[in-house]
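Order of the sequence lines fixes the chain letters, A, B, ..., with proteins taken first and strands second; residue numbering starts at 1 for each chain.
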Amino acid sequence: MKYDFLAVEKKWQDKWEAEHVFEAQDNSDKPKFFGLVEFPYPSGAGMHVGHIKAYSGLEVVSRKRRMQGYNVLFPIGFDAFGLPTENSAIKFNTHPRILTDANIEKFTNQLKRVGFSFDWTRTIDTTDEKYYRWTQHIFLELFKNGLAYRDTALVNYCPHCKVVLSNEDSQGGKCDICHSDIVQKSKDVWYLRITKYADKLLEGLENVDYLPQVKQQQVNWIGKSTGAFVNFKVKGADETLRIYTTRPDTLFGVTFMVIAPEHPMLARCADKITNYAELEAYREECAKKTEFQRTQLNKDKTGVKIEGICGINPLNGKEIPIYVADYVMMGYGTGAIMAVPAHDERDYEFANKFGIDIIEVIKGGDIAKEAYTGDGEMVNSEFLNGFTNKKDSIKRMIEYLEEKGIGEEGVQYKMKDWAFNRQRYWGEPIPIVHCQHCGMVPVPEEELPLRLPDVKNFEPGEGGESPLAKIPEFVNCKCPVCGKDAKRETDTMPQWAGSSWYFLRYIDPNNDKCLADPEKLKYWMPVDWYNGGMEHVTRHMIYSRFWHKFLYDMGEVNTEEPYAKRTAQGLILGPDGEKMSKSRGNVIDPNEVVDQYGADVLRTYILFMGDYGAAAPWSESSIKGCKRFLDRVMDLVDIAKGNGVTEALVTKTHKLVKKVTLDIDDMKFNTAIASMMAYINDVYEVGSITKDELGILVRILCPFAPHICEEIWSLLGNNGLCSTAEWPEYDEAKTVDNTVEVAVQINGKVRGRVMLPLNCPKDEAIAEAKKVLAEAIEGKTIVKEIAVPNKIINIVVKP
RNA sequence: GCGGGCGUGGCGGAAUUGGCAGACGCGCCAGACUUAGGAUCUGGUGUUUUCCACGUGCAGGUUCAAGUCCUGUCGCCCGCACCA
């Protein structure tokens with residue numbers, strides 16, 4: 001039966017909207033399901049097939065859960081603050097508000113065209129002042145609790161975008177937005193004290209159902225290590241040099257120390273150091289290197305020895321030279337290390353280059369050749385000699401250090417505090433007032449939202465100051481505490497702010513008293529299933545878990561963790577097998593696919609391509625297979641006659657319902673679709689199907705290809721929508737045939753087949769098998785007979 | 001270097017977790033229908049000369065039986081990366 005897919009799809013989309021089919025109910029006795037997908041950044045380019053794949057997984061799960069009687073919250077919104085919009089507003093001489101609204105409208109139309117079952121009544125926009133009012137509220141809570149602070153620090157600065165970036169946004173020394181090389185710059189910036197939650201973020205992972213690689217990446221990102229801080233007296237200056245080490249037990253093997261070029265001790269000891277000029281020159285040289293150069297060229301160690309002062313080993317009083325070298329980073333630990341070249345590869349390399357002694361303290365390797373980093377018996381270490389276990393020797397050394405007051409156990413994290421500001425216009429204004437008398441004062445809650453001023457000119461300043469700094473009406477204000485003249489903070493929040501709590505707002509999007517009603521939170525939270533890209537596992541997910549844990553501590557939310565389960569979809573690659581990109585010209589536009597084949601085909605194909613979690617290339621020809629499949633389903637309308645069951649299809653139908661039901665929950669969408677294809681192949685072979693059976697098929701196909709299923713459902717004469725029909729049940733007993741074909745092997749090779757009744761006893765099965773194999777086993781000695789019920793019979797023979 | 005993952009036909013990919021490798025789809029071949037076919041339908045399609053034999057990156061091993069488990073090895077992808 002031919003049908004006009006574009007007209008049919010539009011018809012059902014309108015019907016769903018008119019009948020409020022996908023709207024979540026707030027007061028419901030039904031079990032709830034909160035399915036969350038990462039809301040898009042509404043770029044001018046419009047939707048990408050990657051968006052469709054990212055949403056299709058939970059789209060299918062959500063549609064199925066609704067049919068199974070769940071009250072489903074499956075929302076969508078727009079993460080609309082950000083640099084790309086601001087940059088194109090500057091380029092086209094318009095306002096980011098105008099562009100954002102246009103882009104949101106474009107995305108909305110495109111999403112609706114694909115037939116996603118989002119609850120459009122709960123849509124949020126992070127740039128809406130009714131939304132960012134609450135983002136500002138959370139910032140103020142963080143500030144009042146000492147978790148938002150200003151500090152002068154070396155920051156990652158992008159000279160092209162003119163913004164300070166967090167470590168997460170400048171990985172590999174490249175700006176995450178424009179890919180320029182970033183430079184280190186000293187600046188007074190805002191930080192959020194995420195490190196205070198490092199342990200909670202780590203521990204929380206034990207109680208959530210995340211993909212193993214997601215957990216692993218977060219664990220690595222937090223990067224917890226345990227060890228000790230040790231204080232070294234400095235000879236020739238009134239200084240104590242504090243270091244961090246994970247192997248305090250190797251303290252007797254220390255032959256030099258290294259401090260980072262930016263280490264403050266250098267300046268403090270300037271008058272005691274005899275080669276200070278040389279050290280300054282080296283520091284300048286290092287500052288010129290980008291982070292990229294510093295890490296990529298890591299094989300060749302550089303450094304300069306400090307003359308005039310040296311360290312003292314606190315255990316034995318030995319004098320130890322101190323070097324400045326850029327392989328030690330100011331940003332980790334204390335910016336200073338004790339070097340044990342015998343047992344650390346980097347120290348070993350450095351010692352060889354500078355001709356420094358190497359003292360073995362752990363037996364097991366050949367330190368003449370390379371550093372030995374394995375376990376072994378401690379030597380040359382006085383009271384530690386004879387220890388063979390790393391754990392024990394570290395424990396003993398820490399006890400000793402603490403006893404003598406020269407050091408203590410300590411913990412370090414790779415994760416640093418979150419650089420939380422941008423010097424750009426299109427972001428949430430930070431609601432802080434700088435008062436000469438009162439210091440930094442929070443904007444009173446009742447004055448929120450602190451709105452972005454509506455201005456024509458919002459280009460960033462050359463010196464890296466925010467465009468807001470050039471607007472006197474915004475900057476000048478009265479101090480909320482003392483009432484005297486004061487100035488507003490002009491930095492805005494980074495892109496990640498709005499997305500750090502957005503899922504909460506879906507629960508109560510219009511509340512103007514609090515970010516969401518506690519009763520509603522109690523019903524809906526946590527998010528039952530969150531799906532998104534692997535690229536957001538370390539930034540967005542860690543940031544939002546941090547905010548959520550903070551809000552939990554403040555009593556504003558009721559769960560410790562926001563997301564109960566997290567999965568990730570794989571990329572859709574271009575037809576050439578490469579990552580899709582405009583420059584490569586291999587981008588597939590979902591709109592064109594919908595025009596050509598319809599939304600149902602697009603949805604079905606994207607989920608049929610392969611394992612949902614794996615990357616797979618787009619194929620212009622493979623998609624036709626899905627088109628044919630759906631056409632063949634449509635053609636069944638003409639064949640379907642009568643009610644009840646078709647004898648030849650009974651088992652197949654029950655098997656199919658079981659397979660699709662289980663596969664959807666396992667995200668095995670490709671095999672679910674494959675089994676439906678196989679089923680209709682069987683139907684055509686059998687040559688008949690009842691209306692009841694076709695009704696079952698379209699109900700389980702509905703989450704994938706909802707429009708065509710609605711159409712068939714109504715053609716079959718059903719009242720009501722297929723999308724709200726009951727999910728079919730299967731009878732386990734009817735999923736198996738009462739006879740099974742069993743392969744018969746000799747010495748593990750298939751030599752025949754027998755039809756046996758289900759669960760046929762072993763000896764009977766073997767007897768049957770022998771009949772089939774009579775010729776083959778004649779004259780041979782049977783060594784062993786194996787029969788696995790309903791699966792295989794293997795006769796082992798010798799000639 | 002560290003962490004995670006992967007390697008199966010011409011292609012995308014299946015395989016109930018140790019039990020008939022290649023489901024399903026694409027492509028291809030042949031045929032049917034047709035004025036026409038980049039439409040539809042039917043049959044075929046791992047390699048090899050039908051039988052035999054050989055086949056899941058490579059080399060071993062365990063087992064009645066290995067894509068699946070073990071040892072070694074090669075290659076690819078992703079994340080982090082001088083983290084002390």
Whole-angstrom distance between [N] and [M], as gauged at atom [atom1]:
{"N": "B:rG37", "M": "B:rG31", "atom1": "C1'", "answer": "16 Å"}
{"N": "B:rA15", "M": "B:rC24", "atom1": "C1'", "answer": "12 Å"}
{"N": "B:rG57", "M": "B:rG13", "atom1": "P", "answer": "15 Å"}
{"N": "B:rA65", "M": "B:rG1", "atom1": "P", "answer": "38 Å"}
{"N": "B:rC69", "M": "B:rU62", "atom1": "C1'", "answer": "8 Å"}
{"N": "B:rA23", "M": "B:rG67", "atom1": "C1'", "answer": "15 Å"}
{"N": "B:rA59", "M": "B:rC41", "atom1": "P", "answer": "43 Å"}

**Prompt:** Hey, is the main chain of A:Ser619 close enough, under 3.5 Å, to the side chain of A:Tyr605 for a donor-acceptor pair?
**Reply:** yes
**Request:** Classify the glycosidic conformation of B:rU50 as syn or anti, calling it syn when the angle lies within 90° of 0.
**Result:**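 Chi for B:rU50 falls in the anti range.
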**Request:** Would you classify B:rG43 as syn or anti? Syn applies when the glycosidic angle is within 90° of 0.
**Result:** anti
**Working for salt bridge (charged side-chain N to carboxylate O under 4.0 Å, His left out), residues A:Lys301 and A:Asp326** = CA-CA 8 Å; A:Lys301 298 269 182 298; A:Asp326 69 352; over 6 Å; no
Using the side-chain heavy atoms of [X], tell me which of these nucleotides is nearest: [options].
{"X": "A:Asn220", "options": "B:rA84, B:rA14, B:rG3", "result": "B:rG3"}
{"X": "A:Ala616", "options": "B:rA84, B:rG13, B:rG19", "result": "B:rG13"}
{"X": "A:Val328", "options": "B:rA23, B:rG19, B:rA84", "result": "B:rA84"}
{"X": "A:Arg632", "options": "B:rC82, B:rC41, B:rU16", "result": "B:rC41"}

**Message:** Please report the interatomic distance CG(A:Leu602) to CD1(A:Ile623), rounded to the nearest 0.5 Å.
**Reply:**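 So the gap between those two atoms works out to 6.0 Å.
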Does [N] have its OP1 or OP2 closer than 4.0 Å to a side-chain nitrogen or oxygen of [X]?
{"X": "A:Tyr244", "N": "B:rA84", "value": "no"}
{"X": "A:Arg628", "N": "B:rG25", "value": "no"}
{"X": "A:Lys784", "N": "B:rC64", "value": "yes"}

Contact class for [X] vs. all strands (heavy atom < 4.0 Å): base, sugar-phosphate, or nothing?
{"X": "A:Lys668", "value": "sugar-phosphate"}
{"X": "A:Glu741", "value": "base"}
{"X": "A:Gln745", "value": "base"}

**Request:** Could you check A:Gly610 against A:Ser619 and say which one's nearest nucleotide on RNA chain B is further toward the 5' end?
**Result:**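 Nearer the 5' end of the strand: A:Gly610.
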**Request:** Identify, between A:Tyr612 and A:Glu685, the residue whose nearest nucleotide on RNA chain B lies closer to the 5' end.
**Result:**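 By nearest-heavy-atom nucleotide position, the 5'-most residue is A:Tyr612.
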**Test item: side-chain donor near acceptor, A:Thr567 and A:Asn531, under 3.5 Å** = yes
What is the distance from [atom1] of [X] to [atom2] of [N], rounded to the nearest Å?
{"X": "A:Asn670", "N": "B:rG25", "atom1": "CG", "atom2": "C1'", "value": "11 Å"}
{"X": "A:Lys215", "N": "B:rG5", "atom1": "NZ", "atom2": "C1'", "value": "18 Å"}
{"X": "A:Gln217", "N": "B:rC78", "atom1": "CD", "atom2": "C1'", "value": "8 Å"}

**Message:** Centre-to-centre under 6.0 Å for A:Phe350 and A:Tyr327, is that the case here?
**Reply:**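 Yes, ring centres under 6.0 Å apart.
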**Side chains of A:Ile766 and A:Ile793 in contact at under 4.5 Å (non-hydrogen atoms)** = yes
